[in-house]
Structure formats: C-alpha cells, structure tokens
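Note sheet for the following structure.
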Amino acid sequence: MQGIRNSGSTKAADNRTPEENELIELRKRDRQLEMEVDVSEQAAPVFARKQA
C-alpha cells in the first residue's frame, strides 16, 4: 500500500523498486540468451553438414 501512496499509481510497474526493475530486466535477458543458445545448438549440426 505504501508504494501506491508514494507514486500515486495503482500500477505494479509504477511501484517497483529499482532492484525489482533490474531483476525483471535481467530475467528477460536471461530468457533471451537461453533462446539464442537453443537456436545456436539446433543450427550447429546443419552448418556442420553443409561444410562437410
């Protein structure tokens, strides 16, 4: 409830601490990197076959 009073907003995003915002961004970045690794792992055998 204190967050609502401080920001004047009932939106969760407006009442997050800087640490909470950073954690959310880091989790998004982690998911993005995990997807990139998955794609790379799937693509590696295809490229290896093309060069062989």
Smallest separation among heavy atoms of Arg16 and Asn21, with atom names: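 Minimum heavy-atom separation between Arg16 and Asn21: CD-OD1, 3.2 Å.
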In chain order, what residues pass the salt bridge (Lys or Arg N to Asp or Glu O under 4.0 Å) check against Glu25, with sequence neighbours excluded?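 With sequence neighbours excluded, Glu25 shows a salt bridge (Lys or Arg N to Asp or Glu O under 4.0 Å) to Lys28, given in chain and number order.
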Side-chain donor-acceptor distances from residues 36-45 under 3.5 Å, at least two apart:
unit_1, atom_1, unit_2, atom_2, d
Glu36, OE2, Gln32, NE2, 3.1
Ser40, OG, Glu36, O, 3.0

